[in-house]
Amino acid sequence: MKKVLGKVLLNTLIVFLFSFKFLFAQTQTFKIGFFSLFMAAPFIYAEETGAFKKEGLNVKIIPYNNLMEMANDFHQGKLEAAIFPIPMVFSYRLGLLSGIPSEDVKVILVAGANGGSLVVTDSTIKNPRDLKGKIVVSFPKMCPCYPLLRYFLIKYGIDPEKDAKHKVFTFDELIDYTLERNKIERELKKYRELLARNKDDKELKERYEKLRSKYDALPKISAFLIPEPNTTFIKSLKGGYVMVSTRNIWKDHPFGGLVVKEKILKERKETVGRMVGVIGKVCQTIDLPQNREKLVSVLLKSRYNPPEFTYSILKEAFKAGETDYPVFPYKSSAIAWVEILKSLGMLPAKVDAFSLAEETFFSEFTREALSKAGVPVPPTDYRPEVIMGEIKNYRR
């Protein structure tokens with residue numbers, strides 16, 4: 001009798017400890033790292049408006065200034081989830097990021113669609129083929145703008161290396177370059193006006209020529225493709241016109257994704273599912289044109305918005321149709337991304353695009369979580385992908 005009672009008590013204790021561990025895991029802070037204001041906008045909105053708290057969720061979003069720093073923290077378990085640019089997700093999944101081994105990570109939400117524009121600052125460029133021989137700029141390879149710019153150029157018969165000069169700039173570098181060029185242009189104008197009144201002033205001529213040489217030594221960027229709100233900010237400094245948005249290159253392409261590890265999905269499935277539901281509802285709201293003003297207001301007042309992104313910058317950057325928030329991770333979109341990255345040599349040619357994409361975009365989980373929250377979901381995990389005007393049906 002004592003042995004039986006002992007076994008019962010032991011089993012009860014095991015069940016209690018397991019239940020306690022499970023419940024404790026559900027109530028722990030759920031930390032989400034992010035790098036881009038555009039991709040994190042729904043999460044910032046949910047935090048600022050109390051949407052997470054209303055659902056009883058303890059979610060903390062953490063900004064990063066460096067993507068690799070965020071990736072390392074995510075790998076080490078300091079974050080439960082992270083918002084990555086999509087090209088970076090596949091590199092992470094395959095172990096192609098420096099110092100980070102391959103891990104079974106899942107995209108459970110699309111964090112922003114479209115969101116970039118090719119801005120032309122050279123008045124001599126009238127159509128895409130005029131970019132031949134010109135300097136074009138994008139953010140580094142992990143940003144979707146890098147492969148989309150190269151893909152766009154190639155489709156117009158321009159080799160990004162031989163026929164154009166594709167250079168990589170960070171946002172700060174592009175700001176510094178633009179401000180420096182603007183400053184020298186203003187000074188050159190001032191010297192030209194002075195020389196017009198003092199044609200024989202040798203010292204003025206020498207200063208002008210020295211400044212002119214400095215100006216000529218700067219690379220002449222003819223166009224840049226970067227994401228919002230960076231696009232609108234740089235355009236406000238330099239001017240130029242939008243030749244094409246990334247939406248025109250690939251309609252409604254996923255820009256970023258909310259990524260979690262398989263382990264977190266198992267241990268905290270309920271929390272993750274509820275969080276997906278919250279973001280799904282938020283995106284239903286902010287994706288409507290009439291609600292963009294509220295989104296801009298929330299972003300502007302949040303502690304995550306840098307001072308250079310003023311009201312006018314955010315209002316222009318977050319226009320519906322330019323930056324959009326459909327949340328469902330279509331497997332067809334993942335396949336399209338892998339195929340594009342392979343065609344550009346950014347992923348190994350031997351990678352099976354269908355397997356990698358279907359294993360990484362966890363549409364099944366998202367469908368269940370959104371449905372529970374009352375958020376409409378598409379009938380299938382696949383859709384026609386319209387890329388450079390060509391309809392592609394990716395399906396096994």
Counting only heavy atoms not in [X] (residues, nucleotides, ligands), do more than 12 fall under 6.0 Å from its [atom1]?
X      : atom1 : value
Arg192 : CZ    : yes
Asp200 : CG    : no
Lys342 : NZ    : yes
Lys141 : NZ    : no

Any side-chain heavy atom of Glu193 sitting closer than 4.5 Å to one from Tyr191?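 Contact flag for Glu193/Tyr191 side chains = no.
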Ring geometry between Phe365 and Phe362 (parallel below 30°, tilted from 30 to 60°, perpendicular above 60°):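 The arrangement is parallel - the two ring planes meet at less than 30°.
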Taking the inter-plane angle between the rings of Phe90 and Phe361 on a 0 to 90° scale, is it parallel (under 30°), tilted (30 to 60°) or perpendicular (over 60°)?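 Because their plane-to-plane angle is under 30°, the rings of Phe90 and Phe361 count as parallel.
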Is the shortest side-chain N to carboxylate O distance from [X] to [Y] below 4.0 Å?
X      : Y      : value
Glu209 : Lys205 : no
Glu185 : Lys183 : no
Arg303 : Glu47  : yes
Lys214 : Glu180 : yes
Glu359 : Arg93  : yes
Lys210 : Glu206 : no
Asp163 : Arg150 : no

Only distances under 3.5 Å count here; give the side-chain donor-acceptor pairs of residues 30-42 to other protein atoms, sequence neighbours excluded, each with its distance to 0.1 Å.
from, atom 1, to, atom 2, distance (Å)
Lys31, NZ, Glu80, OE1, 3.3
Ser36, OG, Phe38, N, 3.2
Ser36, OG, Met39, N, 3.2

Hydrogens and angles aside, do [X] and [Y] bring a side-chain donor and acceptor to less than 3.5 Å of each other?
X      : Y      : result
Thr246 : Asn114 : no
Asn248 : Ser245 : yes
Glu228 : Ser117 : no

Apply side-chain hydrogen bond (donor to acceptor under 3.5 Å, both in side chains) to Asp172 and Thr170, showing your working. CA-CA 5 Å; Asp172 287 341; Thr170 65; 5.5 Å; no
If you measure from CG on Leu295 to CD on Glu48, what distance do you get to the nearest 0.5 Å?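 The CD atom of Glu48 is 11.5 Å from CG of Leu295, to the nearest 0.5 Å.
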Report yes or no: is the cationic atom of Lys261 (NZ for Lys, CZ for Arg) closer than 6.0 Å to the six-membered ring centre of Phe74, at no more than 45° off its axis?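 Yes, cation above the ring, under 6.0 Å and within 45°.
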Please check if Met68 and Ile62 belong to a single hydrophobic cluster, counting links between Ile, Leu, Val, Met, Phe, Trp and Tyr side chain heavy atoms closer than 4.5 Å.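 Hydrophobic grouping puts Met68 with Ile62.
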Dump the intermediate steps for side-chain contact (heavy atoms from CB on, under 4.5 Å) on Arg395 and Ser332, then the final yes or no. CA-CA 7 Å; Arg395 188 188 291 267; Ser332 55; over 6 Å; no
